[in-house]
Amino acid sequence: MSECLPFLEEDDVALYGCDMMRMLEVLEPVSVDAILTDPPYSSGGRTSAERSQSTKAKYMQSDSTKKYKDSLSDFAGDNKDQRGYLKWSELWISEAMKALKPGGIIGLFTDWRQLPVTTDALQAAGAIWRGVVPWHKRNARRQRGRYANNCEYLVWGTKGERGMKDYHYALEGFFEITTVSAVKRRHVTEKPVELMRDLVQIVPEGGTVLDPFMGSGTTGVACVEEGRRFIGCEVLPVYQQVARERITTARIGKAA
Ligand SMILES: C[S@@+](CC[C@H](N)C(=O)[O-])C[C@H]1O[C@@H](n2cnc3c(N)ncnc32)[C@H](O)[C@@H]1O
């Protein structure tokens, strides 16, 4: 199999188009300051039949999003059972942490169903678990007779101890930000740029953030806007193209 090479490479950005395990093989060890990523959750249902539906069927169910389903593509890797998800998460986190500098940050998004398995995987892979940062989706729907599941969570940890002297910012541990409207969305589960701009500030300016599951490239756009370097990977060509467009536009905007 040929080596995975970047399809876009600039001073501050490298984008890879392959399975992230292949990209991790070519990354320089101990070279990134943070891994901030939004992997497939393999969630979205109570039963295995519900969880094996297409990603659009699972994650675009509300009245405000379902009418836009046809304009987006499904995404990859969202159909593992619980044991498979735990094993796979542990495996890729272990590999990704080889690229992380000592004391570096690893933060992974998940939802309420996959929160326990994600915190287990992070620790099994050798990170020190430091916390869970809720993202409250202000506009998420409520349901009669239930507490709303209107948060997603960034499970985060460090590679060994993290000294404080190099870090000047004290960051928030809870974010209230509206989801990307279905009309504007370029990815089924796109994260808001505003949220990612806040999160990438865990790394000092000029530091490097790795997102092995970049989807439409939101973390990359946030890094460009906040003056951080970015390394991203996406397996599907349709989303590689979207990430390329969005990150290129952000770079042009920043340079103007
Ligand atoms: C939850 S989405 C990320 C969405 C992203 N945060 C955004 O704002 O657009 C996860 C992405 O990882 C991609 N993916 C799944 N398995 C992958 C793999 N093994 N290697 C690289 N990318 C993968 C999916 O195709 C999907 O686009």
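For the residue pair M23 and Y16, the shortest heavy atom distance occurs at CG-CG, 3.4 Å. The two atoms that bring I231 and T208 nearest to each other are CD1-CG2, 3.9 Å, heavy atoms only. Smallest separation of non-hydrogen atoms from R130 and R162: NH2-N, 4.1 Å. Minimum heavy-atom separation, E28 to S31: O-OG, 2.6 Å. Across all non-hydrogen atoms, the minimal contact from Y85 to K80 is N-CB, 3.9 Å. Nearest heavy atoms, E226 versus E205: O-CG, 3.8 Å.
Distance OG1/T249 to NZ/K254: 15.0 Å, rounded to 0.5 Å. Interatomic distance, L27 CG to M20 CE, rounded to the nearest 0.5 Å: 11.5 Å. Summarising the geometry, atom CZ belonging to R228 is positioned 10.0 Å from atom CD1 belonging to I202; distances are rounded to the nearest 0.5 Å. Rounded to the nearest 0.5 Å, atoms CE (M196) and OG1 (T218) are 7.5 Å apart.
As a member of the Ile/Leu/Val/Met/Phe/Trp/Tyr network built from side-chain separations under 4.5 Å, F7 groups with L8, V13, L15, V193, M214, V221, V224, F230, I247.
The SG atoms of C233 and C18 do not sit under 2.5 Å apart.
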E25 vs M21, side-chain contact (heavy atoms from CB on, under 4.5 Å): CA-CA, chis, key distance, verdict: CA-CA 7 Å; E25 284 168 13; M21 291 301 265; 5.5 Å; no

Evaluate the criterion salt bridge (charged side-chain N to carboxylate O under 4.0 Å, His left out) for residue pair E152 and K137; output intermediate values, then yes/no. CA-CA 8 Å; E152 291 180 38; K137 299 179 277 189; 2.7 Å; yes

What verdict does the side-chain contact (heavy atoms from CB on, under 4.5 Å) test give for E3 and V26, after you've listed the backbone C-alpha separation in whole Å, the side-chain angles of each residue and the deciding distance to 0.1 Å? CA-CA 8 Å; E3 191 177 312; V26 300; 3.5 Å; yes

I would like to know whether D33 and I105 meet side-chain contact (heavy atoms from CB on, under 4.5 Å); could you show each step before the answer? CA-CA 7 Å; D33 298 282; I105 297 283; over 6 Å; no

Full working for salt bridge (charged side-chain N to carboxylate O under 4.0 Å, His left out) between E190 and R185: CA-CA 7 Å; E190 188 173 321; R185 215 177 278 189; 6.0 Å; no

Report the C-alpha distance between R246 and S216 in whole Å, list the side-chain angles of each, state the deciding distance to 0.1 Å, and finish with yes or no for side-chain hydrogen bond (donor to acceptor under 3.5 Å, both in side chains). CA-CA 8 Å; R246 292 182 72 211; S216 64; 2.9 Å; yes

Go through it in stages, so that I can follow the logic: the residues are M60 and L72, the test is side-chain contact (heavy atoms from CB on, under 4.5 Å), and I'd like the CA-CA distance, side-chain angles, deciding distance and then a yes or no. CA-CA 10 Å; M60 297 187 80; L72 294 175; 3.7 Å; yes

For a salt bridge (charged side-chain N to carboxylate O under 4.0 Å, His left out) check, start with the C-alpha distance between R251 and D12, then their side-chain angles and the critical distance, and finish with the verdict. CA-CA 9 Å; R251 292 186 76 251; D12 53 344; 3.1 Å; yes

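Using modelled atom types, one side-chain atom of Q240 and one backbone atom of V235 make a donor-acceptor pair closer than 3.5 Å. Formation of a donor-acceptor pair under 3.5 Å by the Q201 side chain with backbone atoms of R197 is found in this model. Without hydrogens or angle criteria, T158 side chain to E161 main chain gives no donor-acceptor distance under 3.5 Å. At least one donor-acceptor pair under 3.5 Å links the side chain of K159 to the backbone N or O of L100. The main-chain N or O of G17 is never found under 3.5 Å from a side-chain atom of E234 such that the two would form a donor-acceptor pair. Between the side chain of K191 and the backbone N or O of F109, no donor-acceptor pair lies under 3.5 Å. Proximity of a side-chain donor or acceptor of W112 to a complementary backbone N or O of N149 within less than 3.5 Å is not detected. Side-chain atoms of R51 do not come within 3.5 Å of backbone N or O of K58 as any donor-acceptor pair.
Looking at T37 and D211, their side chains do bring a donor and an acceptor atom within 3.5 Å of each other. With hydrogens and angles left out, the side-chain atoms of Q82 and R113 include no donor and acceptor closer than 3.5 Å. Side-chain atoms of N79 and S52 form no donor-acceptor pair, as typed in the model, at a separation below 3.5 Å. D78 and S42 form no side-chain donor-acceptor contact under 3.5 Å, judged by distance and modelled atom types alone. In this structure, a donor-acceptor pair under 3.5 Å is present between the side chains of Y41 and D38.
For W129, the CH2 atom counts as loosely surrounded, since its 6.0 Å shell holds 12 or fewer non-hydrogen atoms of other residues, nucleotides or ligands. Residue Y147 places its OH atom among 12 or fewer non-hydrogen atoms of other residues, nucleotides or ligands, all under 6.0 Å distant.
Tested against W135, the residues T179, N150, L199 include a single side-chain contact (heavy atoms from CB on, under 4.5 Å) partner, T179.
Side chains of V209 and V32 form no contact here, defined as non-hydrogen atoms less than 4.5 Å apart. The closest side-chain heavy-atom distance from V132 to L154 is not below 4.5 Å. A 4.5 Å side-chain heavy-atom check between P102 and V30 finds at least one atom pair inside the cut-off. Within the 4.5 Å cutoff, side-chain heavy atoms of I35 are placed close to those of P212. In this structure, L24 and K98 have side chains that are not in contact, with every pair of non-hydrogen atoms separated by 4.5 Å or more. Side-chain contact check for Y239 versus V188: some heavy-atom pair is nearer than 4.5 Å. Contact check for V133 versus W156: side-chain heavy atoms found under the 4.5 Å cut-off.
Ring centers of H136 and F175: at least 6.0 Å apart, outside the cut-off. For an aromatic pair to be called close, the ring centres must be under 6.0 Å apart, and W92 with F213 satisfies this.
Transitive grouping of hydrophobic side chains (ILVMFWY, heavy atoms separated by less than 4.5 Å) keeps L108 and I177 in distinct clusters. Follow the hydrophobic side-chain contacts under 4.5 Å out from M97 and you reach V117 in the same cluster. Cluster membership for I128 and L115, using ILVMFWY side-chain heavy atoms within less than 4.5 angstrom, is not shared.
Between Y59 and F75, the ring planes are parallel. Angles under 30° get that label, and only those over 60° would be called perpendicular.
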